[in-house]
Amino acid sequence: MLEGLQDRLGRVMKTLRGEGHLTEYHLDTALREIRLALLEADVNVEVVRDFTERVRERALGKEVLTSVTPAQMVAKIVHEELVRLLGGETTELSFKGRPAVVMLVGLQGSGKTTTAAKMARWIRDRKGLFPLLVPADTSRPAAREQLLVLGKQANIPTVDTRDMDDPEAIARRGLREASIKGYQVLIFDTAGRLHVDDELMGQLLRLKEILKPQHILFVADAMTGQDAVRSARAFHEKLDVSGVILTKLDGDARGGAALSVREVVGRPIVFAGVGERIDALEQFHPDRMAGRILGMGDVLTLVEKAQEVVDEKKARRLEAKLKKNKFDLEDLRDQLRSVRKMGPLQQVMEMIPGMSGAMPGGGVAEGQERQLRRMEAIICSMTPKERRHPQILNGSRKKRIARGSGTSVEEVNRLLRQFGQMRKLMKRLGKADPRSLKRQLGIRQSGR
Amino acid sequence: MARTILDKLKRGLFMTHTEFLEKVGETFRRTGPVEPVYLDQLEEALIAADTGVELALRLVDELRSRVRSGKIQTAEELRPAVREQLLGLLQETGAGPDTRPGGPPRITLLVGVNGTGKTTTAAKLAKRKKEAGKSVLLAAADTFRAAAVDQLKVWADRIGVPVIHQHEGADPAAVVFDAIAAARARGIDEVLVDTAGRLHTHANLMKELEKVRKVAGREVPGAPHEVLLVLDATTGSNGIEQAERFGATAGVDGVVLTKLDGTAKGGVVLAIADRLKLPVRWVGVGEAVDDLLPFSAGEFVDALLETAG
């Protein structure tokens, strides 16, 4: 898996501590890592260049808070800047006009037809408006059948345009039907096309003149690589796109295309497609996306991921233990093992307020794989009783454990110290009101 | 052959002259001693072609050390050196159409994420096989996407190839079973199976592919004989993940690179060749049924570097 920005920065900036301000030297080290992290997330090279310049300007000379490392400070600035560039706040679409016309455009296979149906459903359920679907993809065989079927599944009226082969005639018919029958929003699905195809791009322009759409939404695949900039630019130059929909975000792509497209189009990303089901369309959250691009994870995605992977029964048992503050070394070992299975405990730990700071020497965050294995070995060399009641560990027991696990007494002590801190923290967390916890997490998260 | 990949690619690519590409082109047109900045530009060019950061850095590092040791001295030598590197990666995988025999019927599965062009590719491939003198049957195993069966039927009519299908929501493995039985009864040489698009992160949908494989293997020894990952040329680094995961569950042994007629260069196949040794077999270069061409490593690399030159 790709290395997240925070790890990268942590690794190269380990040595840069104890300075009051971010210096030129810090930044040169950091910017290289930022560049690579963004490129690995498929952000376009040109966009990356501009972005890192902006980060440099913003970060140079900034005061480093005493509680954080320069690495954390830079990561925070990068995250903030990325959120800002992705649009800051979540954008709420409004629908005005009789009808309000939404036109979906994009490359082949980006997901226009599926998105059309999902959006219609969203508009009806969330906005309480009456949408009308108009299939006008006359190029791809059976594309109009597809939208008819989807419309039927979602219970959204859909114009049957199967006997028409001129998109412009379809546009006029859609408008007529919407105004006669009083539909408030008309969603117009167009054929996928390559931006290098002048003839088809010209057709979109004519459709725009007929439909006078309130929104022209560019539908982009989240898995797109460097080319995202080129296609988005071409569509935008021709049509003056008013917003973007990012699809297939339920995959594991970092989604750097989001930043590329947003940079080029300069208009908000309004929706995210997150699954195959008709209701799998969400409003776009810039802060979540920023975390994803940077590989920082974010609380919500992490929780979801954990739910997928972690054995639910075990998780509930652990939760109960946490509440009663009975988290013991056996549980820690379980956790260490699952970390090696899926990786994110390290990130989970960092999500917990104060955790990364509470771990001496960076603890789990920097120890990586090798240290995790050593920790596991230490716990495995204990007797079950010792694992459940670590307070009984005296000098001779520790010596035995160190010998058994091929480590040293200092390492055993360090593990116990870390464990003690973890427990203290978990006690706090266990007592905390879930709402305030969430708030804390939120603050922490946006503060990165 | 008048219409090579190169021509097609150039058509798309010449339409997008960015300042950036021109700068990279400069690198290749340069003469005299190699300056460090040339190598940086080269690195960016490779990344811009979606080869992925890791591969780009490694290739350029290799060149850098050759420059340092004096094996490469002038800028003119850079281009052939890169060409050789990229060609080596692709050729090592045995790129080009799969000619291994199998069957009858010989079974080919087309798999991939949503929207890469599996259905269209299935039709184009059927046409190719038919023209090569084989009798072909299409199996509409995308029973999930609304009207996917209709789409394949329209294509099948156009190229005059029979298609076996069931109702929407049917078990894809059952469709494959039927298709094989029909192929046997009609003495057909090849069955092309169009499967539903699925994100490789959806475990249950990936399991479905395993079942399709199993059923095919039970009915025809050695089947599926070929499993093609249909990959959109616009895909970024996620293509590697796709190849990895579809490789593990569906046993992918080749790649079809689609939509190469746009401005995307499809460089991710280089990373895939490097990491997974998967060969590219075909490339899709347009919407017409004839727009599927056998992959040629030389032409692909030339097209990729052409845009940078």
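Below, read A as the first sequence line, B as the second, and so on, with proteins coming before strands; counting in each chain starts at 1.
A distance of 4.5 Å separates CG of A:L194 from CD of A:Q108, quoted to the nearest 0.5 Å.
Annotation: side chain of A:L104 is in contact with side chain of A:I187 (closest heavy-atom distance under 4.5 Å).
Between B:D291 and B:K124 no salt bridge is recorded (no basic side-chain N to carboxylate O distance below 4.0 Å).
Partner of B:N238 under the side-chain hydrogen bond (donor to acceptor under 3.5 Å, both in side chains) criterion, out of A:D221, A:D252, A:D42: A:D252 alone.
For B:D150, the side-chain hydrogen bond (donor to acceptor under 3.5 Å, both in side chains) criterion is met by no residue, not counting sequence neighbours.
Contacts of B:V113 with chain A are made by side-chain atoms alone, with heavy-atom separations under 4.5 Å and no backbone atom involved. For a residue to count as touching a neighbouring chain, one of its non-hydrogen atoms must lie under 4.5 Å from one of that chain's; by this rule B:E244 does not touch chain A. In this structure, no portion of A:L148 lies under 4.5 Å from any heavy atom of chain B. Both the backbone and the side chain of B:T234 come within contact range of chain A, each with at least one heavy atom under 4.5 Å from a heavy atom of that chain. For chain A, no part of B:I240 is nearby; none of its heavy atoms comes within less than 4.5 Å. Interface remark: B:L205 contributes side-chain atoms only to the contact with chain A (heavy atom separation under 4.5 Å).
Considering only heavy-atom pairs separated by less than 4.5 Å from chain B, the leading option among A:E276, A:K248, A:R140, A:R144 is A:E276. Contacts with chain B were tallied for A:A234, A:P141, A:S231, A:G251; A:P141 has the most, counting heavy-atom pairs under 4.5 Å.
Identified under the side-chain hydrogen bond (donor to acceptor under 3.5 Å, both in side chains) test for residues 147-162 of chain A, with sequence neighbours left out: A:D160-A:R162.
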